[in-house]
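If you're wondering where the values come from, they're calculated on a predicted model, not measured in any experiment. Every chain is numbered from 1 and lettered A, B, ... according to where its sequence line falls, protein lines coming before strand lines.
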Amino acid sequence: MFSSRLWNMPGPLQTVVQHGVGRMLLLAVLRISTVGMFIICVGLPTQATSQNDLMLIATPDSCVALHRGQQCFLSVQLSWTEPVDSEVCLFAGDDERPLLCVSGNTQGVSVEYASSSSTRYSLKVKDTTHVLAAAMVRTAWVYRSGRRSSSGWRLF
Amino acid sequence: MYKKSKPTQKKTPGMSALLALTLGFVLCSGAVAAANTVNDINADGSVRNANGGFFELGVNIHGGTQIRHRLDPEEPYDKLGIELDLSAGYRYGRLFVEATRSSFGGVNAGITIAQSEHWDVDFLLASIDGTVSSESDEPPPPVTERERNRALIDRDTLYIAAGARITGYFDDNIIQLSIGSDWYEGNGILGSLRVGRQWQFGNWNTQAIAGVAYHSPEFNDYRFGIDANEASERFPAYRAGNAWLPKVEFGLSVPVKENWVYTSRLRYILLPDSVADSPLINRDDSLSVSTGIYYVF
């Protein structure tokens, strides 16, 4: 793919590539680069295993209520991408009390979402304030202009 | 197909419009005095009558009983069908247009002339409901018995009324009083008083509306009366008096996705004697059910 792009490149670079020695050198560089990139790519998941790249994933991440301002209710699955060595706790918003605490190896729990706007869930090591990862769940509405607009009888 | 003939007391549309406008202004002026000055902000800080609108299109399955006789007496009165349903509304400043799918809705265009924390006072320029034939206003007179029956069954029921509407909002409750006079052809006065409430259970929304509609003798006769010169053997002449029609509606809705809503409704109307006694009507109540899915734009 790289080389085909190069053949199509106009100007001096194409001139060099079309010559024998230059072409061999360039292909060698490309091969080395490709191998290098492969090594880098293979190495990336290793970096993700560190807790700095831990991700908290909410599924689903949005809840739909009927009218603007209404509270929305939803069971949300919160999962984190890598196991954590210690016990972890899940917090909702700025609440200082955890929703629940589980073993870091659990990697997923279900929580009941209930909000008229949004809730930020955060994962912390138990008895610490350090946030390992966070995820947001938002409320959306079908009727976004408010239930009283346009027609009072359009209650739903 | 035909408009009901009105051999006596026929008003011109101009006179009816004048009557409707006068009625609306008189009612509105009294209501304005009761309401506070115009204020677009509710006590909770939300905007009640913000600019903008909604448009939704859906498909629903509906079933119910026909209250009007059919041309063919053997034709079943119970009906079940699928239909496209459209509901829309738009407000700009004090001007509004709305067409709701509630059985109490119809199409309304008007001006909000006063608003307080809990009350809106609207002047209705046009409140439209009923059906009208696309055929000529002056078709050849029916000759045979079947033609006369068809003319009676298919005749126009359209009205376009002007008047006043007062609506009160109290949390999830709504109360509304409206009255208008038909200016399309001067077919009398109609009004309604209704109360509605909404409940939320999880993401489900339920709704109940109860109310009563009023038809003046002239309006009720336009809808359900039969003049001597249009009567047939099957449908003899009938003079309808005024009518009060109690109505209730129950519904539930749930969002399916961000722009999709599933809605079901149950409607019941009790027909008073002045309606049920009409030869055109075959029962003394009406029950209908509909269920469908709607896309909200």
message: I need the minimum non-hydrogen distance between A:A65 and B:P255, along with the two atoms involved.
response: C-CG, 3.9 Å
- line: Closest heavy-atom pair, B:N205 versus A:H67, reported as atoms and distance to 0.1 Å, is OD1-CD2, 4.1 Å
Check against side-chain contact (heavy atoms from CB on, under 4.5 Å), A:Y143 and B:V261: CA-CA 10 Å; A:Y143 299 117; B:V261 180; 4.1 Å; yes
- prompt: Considering only heavy atoms, which portion of B:W204 lies under 4.5 Å from any heavy atom of chain A: side chain, backbone, both, or neither?
  reply: neither
field: From OG1 (B:T263) to CG (A:L66), nearest 0.5 Å
entry: 7.5 Å
May I ask you to check whether over 12 heavy atoms, not counting those of [X], lie within 6.0 Å of atom [atom1]?
X: A:M136; atom1: CE; result: yes
X: B:Y92; atom1: OH; result: no
X: A:D94; atom1: CG; result: no

- prompt: Short question: side chain of B:Q200, backbone of A:Q71 - any donor-acceptor pair under 3.5 Å?
  reply: yes
task: Check the pair B:E56, A:V142 against side-chain contact (heavy atoms from CB on, under 4.5 Å), reporting the backbone distance first and the verdict last.
output: CA-CA 11 Å; B:E56 56 193 79; A:V142 177; over 6 Å; no
